[in-house]
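Here's the structure we're looking at; comments come further down.
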Amino acid sequence: MTFTSLAFFGFVLAALVCYYICPKRFRWIVLLTASFAFYSIVCFKYLPFIIFTILSTWAGGLWLEKEGKKRKAILKANKADWTSDEKKQFKHRTMVRRRLITALVLVLNFGILAVLKYYNFFAEWIGGIFNISLPFVTLLLPLGISFYTFQTMGYILDVYWEKTEPEKNIFKFALFASFFPQIVQGPIAIYNDLACQLYEGHDLRYENIKYGFQLILWGMFKKVIIADRMAVAINAILPVKNEMSNFYSLFVLLMYAGQLYLDFSGGIDIARGVAEMFGINMAENFRRPYFSKSVSEFWRRWHISLGHWLRTYLFYPIAVSKAFLRFGKWIGSLGPKHDDDIDLPADSLWGGFTFFQHLGRVLPGCIATIITFLVIGMWHGANWRYAGYGLWNGIVIFFAMLFDPVFKWLLAKLKVRTKTFSWRLWQIARTFVLIMVGFVFDLGYNMSDSIQMVVRCFDPAPGSGNIMEKLLSFGLTEADYIIIIAGLITVFCVSLYQERSKVMVRTALDKQSVWFQWAVMIAGLLCIIIFGQYGPGIAANEFVYMQF
């Protein structure tokens, strides 16, 4: 039951009817029932995995709360009797216990994810290093395991940091972990942002139904009209890409950049649209990433919820840890020193610092960036090419951070006008090329194959033969290519309008008459029905991120 199937929308309709006819205080139970029903229908045999994550995380949160209350009670009872050293020792012991509890929950749940997703990968790697034969096992990933694991582990860390009160009701926590619109591919939610919306019984509002329907239509448009057609050509080219001219390596890369974005963002739009029909607003996961002017900005616009999770729970804890801060200070202490009266001017090569001072300021963040992007790469799959994908993005951002003062100094010396449209266009084009190089790692069979493809892309010679005949051999007709181009133009125009006006299309549509609004929505529905890739003889493409 995929997000684009009639069965799924029938399921959503039934859930909506049950939700709104139930008394408000029981509506969260309808959502919980629907979520477990959906998960059972799609992959019943993997239900024990998500149940284990729910139970272990919920119990861990309550255990942490119990330890916290015990610590406060003992400190209060002995406030007058204990010395400051005794209080510090007691706080240290309780902190160690809280860390062990948190570590236990993290290890158990990330351990399950690691075994299911990475066992065969590491078995092959370790076997190759030590020349031994380790057994391989056939393991299939439970639906959405990466998403619900990251979401629940974010919760346990927030409870440990005392940013979140633990949920006492295990069934309510189960709803947070398994909410069916987001279980397939996110977005990854923060407990304090989503939980209260799930537990509150929302009223039936015309605006929620309308806005949700609009988001679903837009997601379906991107997925079944454009992305699924692009997938046909990509799947035809990839098996023989090494036998084809360089032009087609560039062609398939461009197709993949479009297909990946439209497939993933389309799925997220459908998920957010379904949630909005229940009165629940889930976090935005894409913000027109191909308009980014740097790779770091791209990752603030692409898969926003994953980026936020990793910044909060991985990057910042590493970058501002005592060890990294001490390391930065040590690096900064190297090299020549400057007294206050001979400090370098702010417009000097390293921005008013010596090279080592600048290095000490940025190096902890640079190293944390590399680690974070290595995790992002391996999160996408158990293969060294995914590690290459993460490292490529991390290294680009590393050098951008390290040499940022140099770039600014050069631009000032060359008197480049950085506020002009031409400069912004150059930044967008440069960023797109850098991101495209990273996408090559997704398309190769391994790291070596990916690197060879990068090299071929920089020599886009069309080769011999009729290009149109070759393009038509990839399973698409001329009409398919016209539909893809028209669809891409539509997405580009909508995105450009939103980027320039900072206004959502549906907000602008709200200013029109009700008849016009519904005419637009019906036209969109007819486009999906007429031009969508579905029905007898069509192999439905799963969402790219369903494998995670």
Answer yes if the ring centres of [X] and [Y] are under 6.0 angstrom apart, and no otherwise.
X	Y	answer
Trp392	Tyr389	no
His308	Trp299	no
Tyr39	Phe180	no
Tyr199	Phe176	no
Tyr386	Phe121	no
His202	Tyr20	no
Trp218	Phe213	no

Would you say the side chain of [Y] lies within less than 4.5 Å of the side chain of [X], judging by non-hydrogen atoms?
X	Y	answer
Ile50	Ile145	no
Arg287	Gln498	no
Phe315	Trp309	no
Leu32	Trp28	yes
Trp58	Thr152	no
Gln182	Phe147	no
Leu143	Tyr46	no
Tyr481	Arg229	no

Side chains of [X] and [Y]: is there a donor and an acceptor less than 3.5 Å apart?
X	Y	result
Glu167	Tyr191	yes
Asn285	His303	yes
Ser265	Lys222	yes
Asp480	Thr477	yes

Test: Lys172 and Glu200 ion pair at under 4.0 Å: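 The answer is no: the pair does not qualify as a salt bridge.
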Parallel, tilted or perpendicular: ring planes of Trp423 versus Trp426, cut at 30 and 60 degrees: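 The arrangement is tilted - the two ring planes meet at 30° to 60°.
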Whether Tyr256 and Phe439 hold their rings parallel, tilted or perpendicular, with breakpoints at 30° and 60°: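 Answer is perpendicular, since the angle exceeds 60°.
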Test log, rule salt bridge (Lys or Arg N to Asp or Glu O under 4.0 Å), inputs Arg272 and Glu284: CA-CA 8 Å; Arg272 293 180 65 223; Glu284 186 180 16; 5.6 Å; no
Separation between CG of Leu509 and OH of Tyr211, rounded to the nearest 0.5 Å: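 So the CG of Leu509 and the OH of Tyr211 are separated by 9.0 Å.
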From CA spacing to verdict: side-chain contact (heavy atoms from CB on, under 4.5 Å), Phe171, Ile29: CA-CA 8 Å; Phe171 298 105; Ile29 299 176; over 6 Å; no
Working for side-chain contact (heavy atoms from CB on, under 4.5 Å), residues Asn109 and Phe52: CA-CA 8 Å; Asn109 288 280; Phe52 175 82; 4.2 Å; yes
[X] to [Y], cation-pi by 6.0 Å centre distance and 45° axis angle:
X	Y	value
Lys210	Trp518	no
Arg301	Phe286	no
Arg27	Tyr19	yes

Chi angles and distances behind the salt bridge (Lys or Arg N to Asp or Glu O under 4.0 Å) call for Lys223, Asp228: CA-CA 6 Å; Lys223 168 63 175 173; Asp228 283 356; 3.0 Å; yes
side-chain contact (heavy atoms from CB on, under 4.5 Å) evaluation trace for Phe36 with Ile51: CA-CA 10 Å; Phe36 270 82; Ile51 291 174; 4.1 Å; yes
Worked verdict on Arg424 versus Glu297 for salt bridge (Lys or Arg N to Asp or Glu O under 4.0 Å): CA-CA 13 Å; Arg424 290 196 298 272; Glu297 182 186 349; over 6 Å; no
Criterion side-chain contact (heavy atoms from CB on, under 4.5 Å) on Leu262 and Met230, from CA distance to verdict: CA-CA 10 Å; Leu262 295 169; Met230 290 176 143; 4.3 Å; yes
Distance-minimising heavy-atom pair for Thr2 and Phe8: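 It is O-CB, 3.0 Å.
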Over 12 foreign heavy atoms within 6.0 Å of NZ, Lys511: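 Not buried by this count: 12 neighbours or fewer within 6.0 Å.
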